[in-house]
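All remarks here apply to the structure that follows.
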Amino acid sequence: MNRAPLGLRIAAAAGLLFLHLPLALIFLYAFTTEERSYQFPPPGYTLEWFAVAWNRPDIWAALGLSVRVAATATAIALVLGTLAAAAVARSRFFGRDSVTLLIILPIALPGIVTGIALRSAYSLADIPFSFWTIVVGHATFCIVVVYNNAVARLRRTSGSLVEASMDLGADGFQTFRHVVLPQLSTALLAGGMLAFALSFDEVIVTTFTAGQQTTLPIWMLSELIRPRQRPVTNVVAAMVIAVTFLPILAAYYLTRDGDRIAGQGK
Amino acid sequence: MTDPAALSAVRFRGVSRHFGATRAVDGVDLDIAPGAFFAMLGPSGSGKTTCLRLIAGFEQPDAGSIEIFGAPMTGVPPYRRSVNTVFQDYALFPHMTVGANVAYGPMVRGVPRAEREARARELLALVALSGFEDRRPAQLSGGQRQRVALARALINEPKVLLLDEPLGALDLKLREQMQVELKSLQRRLGITFVFVTHDQSEALSMADRIAVFNEGRIVQVGAPDEVYERPQTRFVADFVGGSNVVEPDAAERLGLPRGLYSLRPEKIRLGEIGFAGTVETTLYQGAQRRVVVAVGSDRLAVVAPAERGPLPVGSAVRLFVPPGAAHRMEG
């Protein structure tokens, strides 16, 4: 194994430091005794903010809403994303490439555009803001994540597996259940986790589609403006990092060794 | 077998299958007798694999009709046909054990677990893989995977077993061994086997009947020796065993009545009498030498036994074409 040149190693270390030092500061100031302004180094360390955060009902409400939105958006994305992937990967039809582009577009589109578009659509259709308006907003980009994972796996799965199943007497549903779904399972799990993480920390689309409701990221944004009990925000941020990082890590490990072509047993 | 009223295992009447402008299968009539070991032989893109997929039900004909043991197959999906397939890439389910792979057919048909597992053990014994039930396909060698695919396809007791290039992925020694095993398996089970191959020697040694495909059509059907000895067209003569195709002008120079002939390289004798020629290329093949001899403006491939000694390029030889060696073909 070749060692990278010194300059490159310094640059990489600097890059990593730049990306991760702010995250470390979030954790550090969750323990500070100074609640109004941040100074370095913190004047003292305490665990009281964890207790404070634990006893704040507004945090629990925001967390509950965020979890419910993320779970629902992910569930919708799993169903629709898988169906779309199956259609695109397995068959050829008129306008297939356009459909592919339309499915992927929401993740390339700036969140602010998606947000404004949904907000105008809701007001035009006289739909009041609710839990479901947030869910629909999040589902637009969650579907993309699931779709991308599923379509990549389907392309790597040998088409003759499906034919073999049908040949042996399984109808479409049995083939899906016994052959296609097991092939897709890790890809769907990974896609679902990524979708959950994306939804859980989404701010931009949510501000346009939430009305009076507060998801956890929105709560944090509004909390930063207030000068009291600022470390509570850091406590919550640290929790959010944990909640979103673990699924992404799991998703990475689940899809990492899926690179061989399933069913090409030669 | 020759009685036209007898029920065919597989019957094609005017079957066509087009992909865009490509006529993959173009007006094919075909009768496969029950219990036959039938080979569909042809170069890639000749329509043989599409024909196999039409029998399996993965493709539907654009024109014509297909019957399996007298039952029309129009609109019948693959899972309702008493036909099973051994796929070219074996298509074993990678997430299942060998035992579960073999038991898949009975499983989707709702056969109780104990019964289907016993049946899978029987089939694995049939292909000499007893004790492999709990392995994964990824842990098997190529030859073992093929046996699993075979056992899985046979467990439903199909009336017709389809094999798509069954030996294509195996090395030479294993291929020869599997040829013998497939042949004896077919004889024991009495099931109609239909296999697709582009390898003429495989078709000649395994099948009892061969259909030669070219450009979506069947150009000749017959017993192996018939197809080999008496090719009907220039394509068959050339594709099956690399015969000399003798053009009408050249036929006259060889003292034959004017016409198109197939002349097997192994039927020409190198000796003291006959037409004078010079060796142009020589190819040592172990037991024999394949040489191309120029006789005037004509080129003839000749197979000579190796013990005849080396035939250096440029050496003068004499060719003797025994009477009846050349077979006259249609157009």
Side-chain angles (χ1 to χ4, degrees), chain A residues 82 85-87 89-97 149-150 152-192 253-266, chain B residues 19-20 52-53 55-59 77-96 98 100-111 136-146 148-149 151-158 160-162 164 168-170:
Chain A
T82 308
R90 278 280 175 264
S91 52
R92 322 202 148 271
F93 51 88
F94 178 74
R96 190 180 75 146
D97 294 340
N149 272 276
R153 179 64 57 86
L154 284 175
R155 290 215 172 104
R156 280 193 267 122
T157 305
S158 163
S160 57
L161 289 183
V162 170
E163 286 184 347
S165 169
M166 304 274 254
D167 187 71
L168 291 163
D171 58 26
F173 176 74
Q174 287 173 315
T175 298
F176 181 77
R177 182 170 154 224
H178 296 299
V179 176
V180 179
L181 206 55
Q183 288 299 310
L184 276 180
S185 57
T186 51
L188 290 184
L189 200 55
Y253 278 105
L254 281 174
T255 45
R256 193 180 47 161
D257 40 54
D259 280 342
R260 69 195 169 78
I261 298 183
Q264 283 232 317
K266 259 192 238 178
Chain B
F19 298 109
L52 200 77
R53 295 173 58 79
I55 302 173
F58 304 136
E59 307 277 351
Y79 51 87
R80 294 223 189 87
R81 298 186 180 206
S82 51
V83 168
N84 285 116
T85 309
V86 176
F87 289 82
Q88 188 174 8
D89 63 1
Y90 312 142
L92 300 180
F93 305 127
H95 57 287
M96 294 182 195
V98 165
N101 262 282
V102 176
Y104 188 81
M107 191 266 286
V108 295
R109 286 186 155 82
V111 175
R136 296 265 167 179
Q139 296 169 293
L140 303 182
S141 71
Q144 289 168 338
R145 279 179 203 167
Q146 198 202 30
V148 175
R152 188 180 68 174
L154 286 170
I155 199 167
N156 284 344
E157 297 177 344
V160 180
L161 183 76
L162 307 176
D164 187 5
L170 305 179

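In what follows, chains are A, B, ... by sequence order, proteins preceding strands, each numbered from 1.
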Practice task
Verify, without hydrogens or angle tests, whether Arg109(B) (side chain) and Leu168(A) (backbone) share a donor-acceptor contact under 3.5 angstrom.
Solution key: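 Such a contact is found between Arg109(B) side chain and Leu168(A) backbone.
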Exercise for the section: Can you establish whether the number of heavy atoms outside Arg96(A) located under 6.0 Å from its atom CZ is more than 12? Expected result: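 Count over threshold, so yes.
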Exercise for the section: Could you pull out the closest heavy-atom pair between Gly172(A) and Tyr79(B), with the gap in Å? Expected result: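 Taking every non-hydrogen atom into account, N-CE2, 4.4 Å.
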Handout entry: Non-hydrogen atoms of Asp167(A) and Thr85(B) that approach each other most closely
Key =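 What the structure gives for the nearest pair is OD2-N, 2.6 Å.
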Practice task
Go through the atoms of Ser185(A) and report whether side chain, backbone, both or neither lie under 4.5 Å from a heavy atom of chain B.
Solution key: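 Answer is neither: Ser185(A) stays 4.5 Å or more from chain B.
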Segment of [X] engaging chain A (4.5 angstrom heavy-atom cut-off):
X         : answer
Phe93(B)  : both
Asn156(B) : side chain
Arg53(B)  : side chain

Problem - Nearest-0.5 Å distance that lies between atom NE2 in His95(B) and atom NE2 in His178(A) - result: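 Here the rounded value is 9.0 Å.
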Handout entry: Contact check, side chains of Pro94(B) and Leu161(A), non-hydrogen atoms, under 4.5 Å
Key =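 Heavy-atom side-chain distance check passes, below 4.5 Å.
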